[in-house]
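The chains referred to below are lettered A, B, ... by the order of the sequence lines, with proteins before strands, and numbering in each begins at 1.
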Amino acid sequence: MANIPDRPTLDGIEDRWADQWDTDGTYRFDTSAVRSEVFSIDTPPPTVSGSLHMGHVFSYTHTDLVARYQRMQGKAVFYPIGWDDNGLPTERRVQNFYGVRCDPSQPYEAGFEPPFRGDPPKKHQAVPVSRPNFLELCDELIEVDEQVFEALYRRLGLSVDWEQHYATIDERSRRASQRAFLRNVERGEAYSQEAPTLWDIDFRTAVAQAEMEDRERPGAYHKIPFQVVGDPASTIEIDTTRPELLAACVALVAHPDDERFQPHFGTKVIVPLYGQEVEIKAHELAQPDKGTGIAMICTFGDTTDVTWWRELQLDLRVIIGRDGRILADTPSGVDPDAYAMIAGKYPNQAQRAVVEQLTEQGILIGEPRPIEHPVKFYERGERPLEIVASRQWYIRNGGRDTDLRNDLIARGHEVTFHPDHMRHRYENWVEGLNGDWLISRQRFFGVPIPIWYPLDASGEPVYDTPLVPAEDRLPIDPSTDVPDGYTADQRDQPGGFVGDPDIFDTWATSSLTPQIAGHWEEDDGLFEKVFPYDMRAQGHDIIRTWLFSTITRSHHEFGVVPWNHAALSGWILDPDRKKMSKSKGNVVTPMDLFDQYSTDAVRYWAGSGRPGVDTAYSEEQMKVGRKLANKLLNVSKFVLSFGDVDMDAALADTVTDPIDRSMLAKVDATIAEATTGFDAFDYARALERTESIFWWFCDNYVELVKSRAYESLGPDAAASARRALREALSSLQRLLAPFLPFATEEAWSWWHDTSVHAASWPTASDLGGDPTTIDATIDALTLVRRAKSEAKVSQRAEVAALAISAPESLHAALEAGRADLAAAGSIETITIDPASADALSCDVTIAPTDDV
RNA sequence: GGGCGCAUAGCUCAGUUGGUUAGAGCGCUGCCUUCACACGGCAGAGGUCAGGGGUUCGAAUCCCUUUGCGCCCA
């Protein structure tokens, strides 16, 4: 037997085996496999500029469990991983790390040295740098960040194929992203349009509906009267939380069924302070129970205003600019003197000024009434979103098209969700979309939109006839590359061309991970082997973004769903059932936990979290996992210590004892349950069943037969026990291998030359044993142990006589275990008598001890 | 406001198509220095299955309802 350490330990085994797997290529994808032999997995590329937390460990472990199971089932597992490095999170991290900010008007500076590399002082003013310099710093930092992530994932034991690695900013990703987009454009699935857009005034970029969230914020209703045109004695009172937008008012609106306002529909009123005349309109989105029941429509205060403006075909009277300030120029029809009081102010400052004016002039009715109301924010933003008109690129997603929406809902039904109820999140989201998917961002670090526009004679872009590159030129950067038929000196010249200055939102690229990871159109045959993927793994919080957008892109490009199964992981909650977050200071570093409890122990905790269920962070569970892994090492050592066993002889010829066959029948049943669980992506169930039989095996079966295995009853009886022990151990090690990859590999290596992770998933030994045969003997053993516990003697204490009373139906089973029971309980004589009751009972006579 | 999920031992959770006395681990209590494991082992105590109603021979499980918690969407 190979070297079994005297004292097996979990400490330090991770690096040793991770290196070995790397050397052996244990998890390398077999590119010669045909599609039916492949199990392909689409995993989330983590945002490398973010923090590493237990949420990553949790959900990535779930994916790995399934990957390892499928690999042991003989599948060629395609399990790539990528980093999501493009986008705003990286920009922010670069700003905070180097103390710089991107200013595209700055010239490029070769060999630029940033003022800091990490922790600039708080009072430091960010140094403006050119876009190319800024992007260089992005590239520099993500390389460092990615190494940290890779180290963690290797330590976690993810069985990913590191050769299939990608990043969302790398050349292949840019090519795939641009190619997919250009095909969307060609088919009319992507288009650009000048339209009202959700806008973050701090990041100065457009934001998609999926990135928007409601936050409860204090506000106040201001009751303001509008004088009716032609009837100075009559007023209409409105309640508004945004009096600063009075200048942008284009209409009032009430519900068509509201009898209070029906007489007024079509009449005009005068906006206080600013004097423009606006009409009273009817629309069913007006809420009669909100405020006074009639609202002002401004261009634009919120998304409902956009709907009203569009459907009621109202004027445009924009007053908020892209920097969030009130525009300098007075809109048409608005009193310039009143407007001058708010021009240049931020909305909150403007509100104070307007309320002051209203109060001074005695217009405001009563005091403002404070309320809490939901306000729309960019999920990363700090000030409320505004709505500005701007030209942006969109991909159709059913938000403006019922047929497409229904198609995408139908696609959702082609995916099996785990757990199933997560499909509701998807459908809820698709049904609630109110516009197409905005993919352009006015930012810097990302995949450039591969489009130029011709400039007309006056130098204005002709947006209707964009210039697109041939696919074989991709990826391109329109700010440096030149469209076919033009020369570089025509850039920005009348009659020349201009590059689209924007980049894609991160989701526009990460929605293509199946294409990117699978080398779509890279002509190496990989894509056809892996697509559509077998499995998408992700957290349930990004169903509306990543899951939905990936289905949308696949639907447009291929007319199929990108994967057959979507496995959703839950969140990690802290022990108080709150979502863990850095701001609450309750985030623990995964690496420390790996060191403290062993990686396998942490994986055990993750594996016990059921699919889709939010799970409490629990170091107690990690302790249990450590105990399990430790026990596996020790019981393996013990089972393998009984001398050589002829593993070539037929199992049925060697394992003859009905007790041994009964145990193996129990293991068979567990193998079936674990297999059923894994086939349904329910790794937690597989773990629970496996763990249960494992502890039973250690505590009961091993204790019962170890004397026989020591040859107390002769060589044949010993051979049956030894072979059964090894058979069971082999199955148990393999059943646990997905969960405890390091400990099982360690223990497996003591008696095999190849990896347990390349071994086949266990199958039933099928010796025809009765799984219940052993139970009566174990029950009797438990009663003997109890008697010794109650007598407060050692479990090794001798028992002079054991009288078992049992129903006659159990006598044969008890006879089968009689000799093992006598040895395990140190029992001199055992009698088995019929019992009147159904239950088994024991009368234990403990032998007198020789007091020394 | 619409939708989804959850409620079982002090804690974390299993409990599959309804079927004997509702299970596990942790924690707690007692015992055992036992030759694989003291990072261990053996045993014990601990439950009105959130409340109410219904279906059924039989309900933690199915139906209705109330309450509480969480999430998604508007």
Whole-Å gap separating [atom2] ([N]) and [atom1] ([X]):
X: Asp614(A); N: A7(B); atom1: CG; atom2: P; answer: 13 Å
X: His424(A); N: G2(B); atom1: NE2; atom2: P; answer: 16 Å
X: His540(A); N: C72(B); atom1: NE2; atom2: P; answer: 8 Å
X: Lys788(A); N: U34(B); atom1: NZ; atom2: C1'; answer: 11 Å
X: Tyr426(A); N: C4(B); atom1: OH; atom2: C1'; answer: 17 Å
X: Tyr617(A); N: U12(B); atom1: OH; atom2: P; answer: 16 Å
X: Leu687(A); N: G15(B); atom1: CG; atom2: P; answer: 13 Å
X: Arg425(A); N: G2(B); atom1: CZ; atom2: P; answer: 18 Å

Q | Residue pair Leu735(A) / Phe694(A), side-chain heavy-atom distance below 4.5 Å | A |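 With C-beta onward as the side chain, the pair stays apart.
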
Q: Mind checking which stems touch RNA chain B? I mean at least 3 consecutive Watson-Crick or G-U pairs, both distances under 3.5 Å.
A: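 In RNA chain B, stems of three or more pairs: B:1-7 with B:67-73, B:10-13 with B:23-26, B:28-32 with B:40-44, B:50-54 with B:62-66.
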
Q.
Any donor-acceptor pair under 3.5 Å linking the side-chain atoms of Arg734(A) with those of Ser730(A)?
A.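 On atom types as modelled, these side chains qualify, holding a pair under 3.5 Å.
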
Q.
Among Trp605(A), Tyr617(A), Trp571(A), Tyr604(A), which residue satisfies the ring-ring contact (aromatic ring centres under 6.0 Å, His included) criterion with Phe58(A)?
A.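 The ring-ring contact (aromatic ring centres under 6.0 Å, His included) with Phe58(A) is passed solely by Trp605(A) among Trp605(A), Tyr617(A), Trp571(A), Tyr604(A).
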
Q: Using the closest heavy atom to pick a nucleotide of RNA chain B for each, name whichever of Arg786(A) or Ser641(A) lands nearer the 5' end.
A: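 First, find each residue's nearest nucleotide; the 5'-ward one identifies Ser641(A).
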
(Q) Closest-nucleotide mapping onto RNA chain B: is Asn428(A) or Thr9(A) further toward the 5' terminus? I mean the 5' end. (A)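 It is Asn428(A), whose closest nucleotide lies nearer the 5' terminus.
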
Q. Name the one of Val253(A), Asn434(A), Leu285(A) that satisfies side-chain contact (heavy atoms from CB on, under 4.5 Å) with Thr304(A)?
A.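 Exactly one candidate clears the test, Leu285(A).
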
Q: Only one of Asn634(A), Leu633(A), Leu632(A) passes side-chain contact (heavy atoms from CB on, under 4.5 Å) with Ser636(A); say which it is.
A: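 Among the candidates, only Leu632(A) passes.
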
Q) For the residue pair Thr744(A) and Ala737(A), what are the closest heavy atoms and their distance? A)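 Nearest heavy atoms, Thr744(A) then Ala737(A): OG1-CA, 3.4 Å.
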
When you measure from the side-chain N and O atoms of [X] to the phosphate of [N], is any distance below 4.0 Å, counting only OP1 and OP2?
X: Arg544(A); N: C73(B); answer: yes
X: Arg7(A); N: A38(B); answer: yes
X: Arg610(A); N: C13(B); answer: no
X: Ser608(A); N: U12(B); answer: no
X: Tyr710(A); N: A36(B); answer: yes
X: Lys631(A); N: G41(B); answer: yes

Aromatic rings [X] and [Y]: how do their planes relate, parallel, tilted or perpendicular, breaks at 30° and 60°?
X: Phe300(A); Y: Trp309(A); value: perpendicular
X: His62(A); Y: Tyr683(A); value: parallel
X: Trp696(A); Y: Tyr701(A); value: parallel

Q) Base, sugar-phosphate, or nothing for Gln209(A), non-hydrogen atoms under 4.0 angstrom? A)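 Contact class for Gln209(A): sugar-phosphate only.
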
Q) Using a cut-off of 4.0 Å between protein heavy atoms and nucleotide atoms, how would you tag nucleotides 20-30 of chain B 5' to 3' with B, S and -? A) -----SS---B

**Q.** Residues that Thr772(A) engages under side-chain contact (heavy atoms from CB on, under 4.5 Å), provided they are two or more places apart
**A.**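 Residues passing side-chain contact (heavy atoms from CB on, under 4.5 Å) with Thr772(A): Asp770(A), Asp775(A).
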
